[in-house]
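Here the structure comes first, spelled out in structure tokens, and everything after it is commentary.
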Amino acid sequence: MDLLNAMNAPQKEAVMTTEGPLLILAGAGSGKTRVLTHRTAYLIQEKKVDPYHILAITFTNKAAGEMRERIDRLVGFGSEAIWVSTFHSMCVRILRRYIDRLGYDTNFTIYDTDDQKSLMKDICKRLEIDTKMMKEKMFLSVISSAKNEMIGPIEFANRAVGDFTKRKQAEVYAEYQRALKQNNALDFDDLLLLTVELFKLDKEVLTNYQERFRYIMVDEYQDTNTVQFELIRLLAMKYKNLCVVGDDDQSIYKFRGANIYNILNFEKQFEDAKVIKLEQNYRSTQNILDAANAVIQNNIGRKAKRLWTENGEGEKIQLEQLDNSYEEADYVVRDIDRKVRNHEYRYQDFAILYRTNAQSRLFEERFISKNIPYKIVGGVNFYARKEIKDVLAYLKTIGNGHDDLSVQRILNVPKRGIGATSIGKIMDFSIEHGCDFYEALCHADAVPKLGKAADKVRPFVNLIESMRVLSQNKDVVELIKAVLDQTGYVAELVAEGTDEAQARIENIDELISKAADYMQTAETPSLNDFLQEVALVADIDSLDEDTDYVVLMTLHSAKGLEFPNVYLTGMEDGLFPSYMSITSDEIDGNGANSEVEEERRLCYVGITRAKEHLTLTAAKSRMVRGETQWSKLSRFVKEIPDDLLKGSYSREREVPRFESPGFQNTPVRKYVSPSQQRQFESATTGAMNLNYGVGDRVSHMKFGEGTVTALVSGGRDYEVTVDFDTVGTKKMFATFAKLKKL
DNA sequence: GAGTCCGTAGTTTTT
DNA sequence: CTACGGACTC
């Protein structure tokens, strides 16, 4: 049949294995999306499965959208009955229907990271926790990990006996959860956790969904966490037609609770599971794949596989080590500019990838000055911007009066002369009477000692009430415009007249167009439905293939994407792999530093994004927190065999060593740029002999052994920071320290 | 209650 | 270096 044409043998097998548990180990670029979509079509057309019984889960909305589109094209009529969804939006959909069985209101609000932070701040204040000693962030991450492992507040408390910090955490966890419930709000982790709880508590609901989802497919399975696993397990328990697709080499979200053993142990967890490997790559050249294989094979404890391709060898991988981060940005941008001018490629054929968001700035500056269109994915999420959050807080308040956090956010935005003291008094009142913050506002006259502030509260309540009436007619665009109009929010920004205010206005306009777009596409538009959609978008979702711009993003965001030209930038030890991971002592079951292994997988992901040309760049020095950091080439680069590489770089040298010219044996290949030559010459005029760099182990006469954590150029000398094993961190001048490399 | 200034901490990664 | 938060002042 047509569906199987032009597929290789394992792909065909994956498509035709429709019954029972199936693990598809799909290497990068091996056509897994194609397999998933064709498998879906096969289920419907050949196996006569009702589309209503199929569920496909992805990680991002973008992936879900793409899959939906491709399935629609393949299946045609009836395909809309298939659930194609992210974990989170699937859970929201289920919870909106049944969460009242867990004692929540179905109108619940979803709290994002920002909301969580402000809630946590309140809680710490209330529990009189010294946030200098215990950070809000720490509590949130502890709670998140607990939720990911499905440990509730009570169990957490039971495990916390004895340990003071743990007991405090348990106390905060319980209070946090209570506050969320009182606000009728759920955080991201709750969406998953409460769905699992619902399934476990209410067999009727579970059976209902088990009957519905008789065929389940999960994409990016290597990034699922324990709750997600449980969710899938429960759903698939009855019919056992579970197909998961993933690549253990691309597991890069451990920090977020992803459990790599979900994929490594799939065959143990699901009896009689079949495993199919897809190793033929259709994306990259052989050279790129060789490099990727060379890097990833340094990881221990992975499922054996080796990518191959029928594509040609292709170009060698360009490796450029520049003097500093400015030259790195310059090199990359000029290279892109040149290739576009030569009509070899268009802007959209290029992606610049980096480890940390902070690295994007230098590239951005270059793009602006050269007038090259670009798009930065990530950084501050659109929906996390202040002005957007303000508008959304109005909408949330209108839609859900129990959401105290949103009400408090906007009560004095724009300024109404209601300050912290008044808010405190109202809060006390609401706690005393066991009512919502908003309810307290409605009875402002009854709040003791509020005085004149009560007169300022009244217009606010009237505003919200009139907006609630307006929201009845379901037009979100009209509602937003009315809010902006009535509050004078935009007018205030216009009056400000700064560039920043202008940018905020543009963002608000964009929100309005998004709302307009929503009104057009939603089946049954409503305020709450709009808010939930908005709460679950990721920045990557906004990436548009049809617009001609260069894309800049972190390696994490790049997963699942591909580009003809990829620049992996900042390939320096200490940056990538990060200093944190290098010095981590977390050892996995195989005796390897599991954090460096995760970074290596990230590198593997980066390399395999490239279809035709891969360029690796590194800077010898870069400004980090206002200090010049010197680093050597990333260890990952050194894992790539020499014969796959071309370009100007030095394998060994990292820190400028101030040696006598006679000792010069820098293995610079092929070409030494004039600037490099100049640097060498000026360097040789010094009299120092530094043979160590950041990350190296050194010994000091008095302090013993330690690791170099920073190397700052300070005129003629270098200021070295060393983290000593016994005496802690010391800063010293290299001339006097007389450190010996170990 | 609001605005300004100064000090400190922070850089992984995000649904 | 930058961004945020806290303290201080008007």
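Quick note: numbers below take in every heavy atom, side chains included, and nothing from hydrogens, waters or symmetry partners. In the text below, chain A, chain B and the rest are named by the order of the sequence lines, each starting its count at 1.
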**Study point:** Position toward the 5' end of DNA chain B (nearest nucleotide), Ser578(A) or Ser422(A)
**Key:**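 Final value for this comparison: Ser422(A).
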
**Study point:** Counterpart residues, side chain to side chain donor-acceptor pair (under 3.5 Å), relative to Ser406(A) (two or more places apart)
**Key:**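 For Ser406(A) the side chain to side chain donor-acceptor pair (under 3.5 Å) partners, ignoring immediate neighbours, are Asp403(A).
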
Practice item. State which residues pass side chain to side chain donor-acceptor pair (under 3.5 Å) with Ser360(A); sequence neighbours excluded, sorted by chain then number. Key: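 Ser360(A): no side chain to side chain donor-acceptor pair (under 3.5 Å) contacts found.
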
Gap between atoms [atom1] and [atom2], on [X] and [N] respectively (whole Å):
X         : N       : atom1 : atom2 : result
Lys125(A) : dG5(C)  : NZ    : P     : 12 Å
Glu627(A) : dT11(B) : CD    : P     : 16 Å
Lys137(A) : dG5(C)  : NZ    : C1'   : 14 Å
Gln629(A) : dT11(B) : CD    : C1'   : 12 Å
Phe576(A) : dT11(B) : CZ    : P     : 19 Å
Leu362(A) : dC1(C)  : CG    : P     : 14 Å

Exercise for review: For Tyr374(A), check ring pair (Phe, Tyr, Trp, His ring centres under 6.0 Å) against everything at least two apart and list the hits.
Suggested key: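 Phe367(A).
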
**Study point:** Pairing residues for Phe563(A) by the ring pair (Phe, Tyr, Trp, His ring centres under 6.0 Å) criterion, not counting sequence neighbours
**Key:**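 With sequence neighbours excluded, Phe563(A) shows a ring pair (Phe, Tyr, Trp, His ring centres under 6.0 Å) to no residue whatsoever.
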
**Study point:** Polar side-chain atom of Glu639(A) near backbone of Asn298(A) as donor-acceptor pair, under 3.5 Å
**Key:**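 Answer holds: no.
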
Review point. Just checking Asp112(A): base, sugar-phosphate only, or nothing, at a heavy-atom cut-off of under 4.0 Å?
Key: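 The answer is nothing, as Asp112(A) stays clear of every strand by at least 4.0 Å.
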
Practice item. Please tell me which of the listed nucleotides, dA2(B), dG1(B), dT2(C), lies nearest to the side chain of Thr421(A)? Key: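 Minimum distance to the Thr421(A) side chain belongs to dG1(B).
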
Review point. Does Arg361(A) make a side-chain N or O approach to OP1 or OP2 of dC1(C) shorter than 4.0 Å?
Key: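 Checking dC1(C) against Arg361(A), no side-chain N or O comes under 4.0 Å of OP1 or OP2.
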
Practice item. For nucleotides dT11(B) and dG6(C), find the distance between their C1' atoms and express it as a whole number of Å. Key: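 The same atom, C1', in both gives a distance of 22 Å.
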
Review point. Among all residues two or more places apart in sequence or in another chain, which pass the salt bridge (charged side-chain N to carboxylate O under 4.0 Å, His left out) test with Arg302(A)?
Key: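 Scan of Arg302(A) (salt bridge (charged side-chain N to carboxylate O under 4.0 Å, His left out), adjacent residues dropped) gives Asp249(A).
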
Review point. When you look at Asp223(A) and Lys254(A), which way does the salt bridge (Lys or Arg N to Asp or Glu O under 4.0 Å) test go after all the steps?
Key: CA-CA 8 Å; Asp223(A) 287 326; Lys254(A) 201 183 93 184; over 6 Å; no

Expected rows: protein N/O vs nucleotides 13-15 of chain B N/O, under 3.5 Å:
| unit_1 | atom_1 | unit_2 | atom_2 | d |
| --- | --- | --- | --- | --- |
| dT13(B) | OP1 | Asn357(A) | N | 3.0 |
| dT13(B) | OP1 | Asn357(A) | ND2 | 3.4 |
| dT13(B) | O2 | Arg355(A) | NH2 | 3.0 |
| dT13(B) | O2 | His556(A) | NE2 | 3.4 |
| dT14(B) | OP1 | Thr554(A) | OG1 | 3.2 |
| dT14(B) | OP1 | Ser557(A) | OG | 3.1 |
| dT14(B) | O4' | Arg256(A) | NH1 | 3.0 |
| dT15(B) | O3' | Phe59(A) | O | 3.0 |
| dT15(B) | O2 | His88(A) | NE2 | 3.0 |

